[in-house]
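Here is the structure we will look at.
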2 protein chains.
Amino acid sequence: MIETPYLLFLGDAPDRLAAKVAQGIKDWRPELCVGQYRMDGCNADMGLTDMTLDEALAAGAKTLVIGVANRGGYISDSWRAVLKEALEKGFDIASGLHNLLRDEQDLVSVADMNERTLHDVRVPTIAYPIASGVKRAGKRCLAVGTDCSVGKMYTALCMEKVMRERNMKATFRATGQTGILVTGSGVPLDAVIADFMAGSIEWLTPDNDEDHWDLIEGQGSLYHASYSGVTLALIHGGQPDALVLCHEPTREHMRGLPDYQQPSLEELRDTALIMARVVNPDVKVVGISINTQHLSEEDAKALCAETEARMGLPTVDPFRHGAERLVDALVA
Amino acid sequence: MIETPYLLFLGDAPDRLAAKVAQGIKDWRPELCVGQYRMDGCNADMGLTDMTLDEALAAGAKTLVIGVANRGGYISDSWRAVLKEALEKGFDIASGLHNLLRDEQDLVSVADMNERTLHDVRVPTIAYPIASGVKRAGKRCLAVGTDCSVGKMYTALCMEKVMRERNMKATFRATGQTGILVTGSGVPLDAVIADFMAGSIEWLTPDNDEDHWDLIEGQGSLYHASYSGVTLALIHGGQPDALVLCHEPTREHMRGLPDYQQPSLEELRDTALIMARVVNPDVKVVGISINTQHLSEEDAKALCAETEARMGLPTVDPFRHGAERLVDALVA
C-alpha cells in the first residue's frame, strides 16, 4: 500500500500527454491529491494548487508520485535533486516508470538514510499463490477488449464512480501501473511470473460481501497475439459474473501488430463467454463500452445507437456520456 | 545450451517415480546418456551402465544431470558431496529442481573455483522479446490438452521420433523443465514474466526451412483455471499449423482443481481452433492423442476406436501404439 495523500510530481513535462499518469490520478482520485509540483519548463497543468515540497508536507502529503513519463521511461537527471530533497523532507516516492527507483543508487541511499520507501509499482512485491479456482463470495465485473488500450481501465473507473454515487459497494481493482497509482494498491499483472498470474488476480479480488462488486481493470485482449495469455489469466483468476466489452472503433490494426485486425464485438462476446464460463457458468455480457474520443459527438452517438441495436446490449462511451446504463445493466 | 553427453544422477531415489526426469531423458535421448550414477539406497534403475564420476568422464560425459526429485524438490545433503566432487572433476551440473543450484553457496563456490556451470533449467536466463506476431517460415505442431499432465510432452516426442525415422526435418521444442533437460535447451515457460510469454515461444520456434516441423511441447490447458494463460500464450506465440488434442480419460477432476471437470474433446477442439486462428487462419486439428496408461490393452483400443469414429480424427496412444498415424495426418 502506498501512503496517501499524494503530491503529484509533473516535473518538466513538455505537454499534457507526458503527464497522463498524473491526469488519471487527478481524474479518478482528486480527494487523494493535495497539489502538484511543477519545474521550470513544465507545460502540463492538472488544475491543482502548485506547491513547494514544504507546502505539500504542511497540507498532509505523504507520497510524491511521479506523474510524468519521459520518452524511454527513465528517471531524468533534472528531477533527481527534487526527488532527493523530497526523501530528505519525509516523502515516500511512487513511480510506474520502466526504469526503477530501486536501481538508482543515489535515491536508494537517501531513502535508506531517511527511512523512506521507494514504490516501484511496475514490480510485484508479493509472492502470489497459484490459483485454486475455488468460488469466492461477492460479485466481480471485468472489462474485456477487442484490443489493448481501448479504455478498459476508464470503463471500470467510470462504473465504480457511478456505483459509489448510488451507495453501492464497489471497488476498482487495479492490474496495471496507472491503476495502481490511482488507487494505491493492485497487481502489476504484466510483470507477474506466468504460473502465478491467475493466482494474483484471485488474491486481488478475495471473498467479499455478497452485494459487493469488484470492478477489475482489464489487460490486453484475447485476440492480441502478444498479451492474450495475460488476458485469459485475468478472466480465469477474476471469476467474473459480468463482462463489459470494450472497443475503440478507429484503429487501423491491432495495437503494435500491423498484420492483425481487431475481432468483431460478436467474436469477442462469444469467445470471452466460452472462456469465462469455465470458472463461472452464470457469467453474462452486460454491456458495451465504446471509446469515442476520436469521433464527433454526432458520430459517437450514432455508433453507440447502431451497436446497441445490432448487439442488443446497452452501449455507451462511459467517459463521455456516463456509465449509468452499464451500472443499470449490472444491477439487472 | 547444456553440454552433452550426460551422466544421469539418480542419487538415493526411493523408487522409479522419483527418477522420472532421468527416465524421460533415457527414453527420448538415450544417445546422450553415457551412464547412470547411483548412491546407496537407490531403488531406481534406468538400465544404463553404473559409473563412477571418473568412469563417466573417461566415457566423455560433460554434464551431471540431477534426474531425481525429493519430495519438496530440494538439494539433499546426501547428494552434496557427490555434486561438489563432480564439479571439481570437471562436470557441469544441470537441475530442474524447485530449489536452485545457484542458491546453494557451497556449490556456487566450488563451481566458480573450477570454472564450471550450474544450469537451473527452471529459471529463464534470456531476456525474451515481446511477441511480434509476424508470420514465420516453416511448420509448427502444438499439443493442446483437456487438462495439465495428460501426455503433451510425450506426444510431441513420439511424433518427433517417427518423423526423424522417416528422415523428415523435425525438432522437439521444450517448454518445461523435463523437456529442457531431455533436449539440452528450451524455454521454462511457467517461469517467464507475463508480458514476454508469447515472445519467448516465438524466440523458441524461429524461421526455418519450409518443410521443417517444430513439435512444440504443450503446457497447461485452456480449460485449467490456474494455468490457462500460459497455454494461450503458447498458442499465440507458437503460430501452430497443426494441433493435436491430448486427453487422459480416467481423471475424476481437473488436476489440482476438485471443483472442475475436463472439457469434452469437442469443446477443446472448437476453442483451441478459435484461439489458434487468430495467429494462423489455416490451422487444423490433425489428430487425437489419448494417454491410456491406466487402461487395459483392450479398453485402450476400444476407446481410441470409439473416439476416432466420433471425432473423425486419427486417434492413438502414441507412447503405447506409436505416433505413425499422427505423423501421417500431419503430412496430409
Side-chain angles (χ1 to χ4, degrees), chain A residues 122-124 129-135 175 187-202 219-239 253-263 267 270-272 274-280, chain B residues 122-124 129-135 175 187-202 219-239 253-263 267 270-272 274-280:
Chain A
R122 201 174 267 271
V123 183
I130 285 176
S132 72
V134 173
K135 181 77 183 160
T175 62
V187 168
L189 184 58
D190 62 9
V192 172
I193 299 282
D195 251 3
F196 304 99
M197 294 186 297
S200 76
I201 303 304
E202 291 189 349
Q219 293 293 338
S221 167
L222 287 173
Y223 285 84
H224 196 292
S226 312
Y227 306 117
S228 56
V230 177
T231 310
L232 185 52
L234 197 48
I235 293 174
H236 283 171
Q239 285 182 357
H253 56 72
M254 293 290 277
R255 190 174 166 88
L257 303 177
D259 302 335
Y260 289 78
Q261 295 302 309
Q262 288 177 292
E267 287 175 290
D270 293 346
T271 305
I274 289 169
M275 294 284 55
R277 281 180 184 138
V278 170
V279 289
N280 186 350
Chain B
R122 199 174 269 270
V123 183
I130 286 177
S132 72
V134 173
K135 182 76 182 161
T175 63
V187 168
L189 184 58
D190 62 8
V192 172
I193 300 282
D195 251 3
F196 304 100
M197 293 187 297
S200 75
I201 302 305
E202 291 189 348
Q219 294 293 336
S221 167
L222 287 172
Y223 285 83
H224 196 291
S226 312
Y227 307 117
S228 56
V230 178
T231 309
L232 185 52
L234 197 48
I235 293 174
H236 282 171
Q239 287 182 355
H253 56 72
M254 293 289 278
R255 189 173 168 89
L257 303 177
D259 303 335
Y260 289 79
Q261 295 302 309
Q262 289 178 291
E267 288 174 290
D270 294 346
T271 305
I274 290 169
M275 294 284 52
R277 282 179 184 141
V278 170
V279 289
N280 186 350

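Nothing here was measured: the structure is a model prediction, and the numbers come from that model. The sequence lines fix the lettering, A, B, ..., with proteins before strands; numbering per chain opens at 1.
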Quick check on [X] against chain A: is it the side chain, the backbone, both or neither that has a heavy atom closer than 4.5 Å?
X: B:Tyr227; value: side chain
X: B:Gln239; value: side chain
X: B:Thr271; value: side chain

request  = Among B:Leu222, B:Val134, B:Ile274, B:Asp270, single out the residue with the greatest number of heavy-atom pairs under 4.5 Å to chain A.
outcome  = B:Leu222
ask   = Which residue out of B:Pro124, B:Ala233, B:Ala198, B:Gly133 racks up the most heavy-atom pairs below 4.5 Å with chain A?
value = B:Gly133
key: side chain to side chain contact (heavy atoms under 4.5 Å, CB included) against B:Leu257, all qualifying residues, sequence neighbours excluded   = B:His224, B:Ala225, B:Ser226, B:Met254, B:Tyr260
message = Among A:Val192, A:Leu189, A:Asp190, exactly one meets side chain to side chain contact (heavy atoms under 4.5 Å, CB included) together with B:Asp195. Which residue is that?
response = A:Asp190
task = Provide the closest heavy-atom pair for B:Met197 versus A:Ala194 in the form atom of the first, atom of the second, distance.
result = SD-CB, 3.5 Å
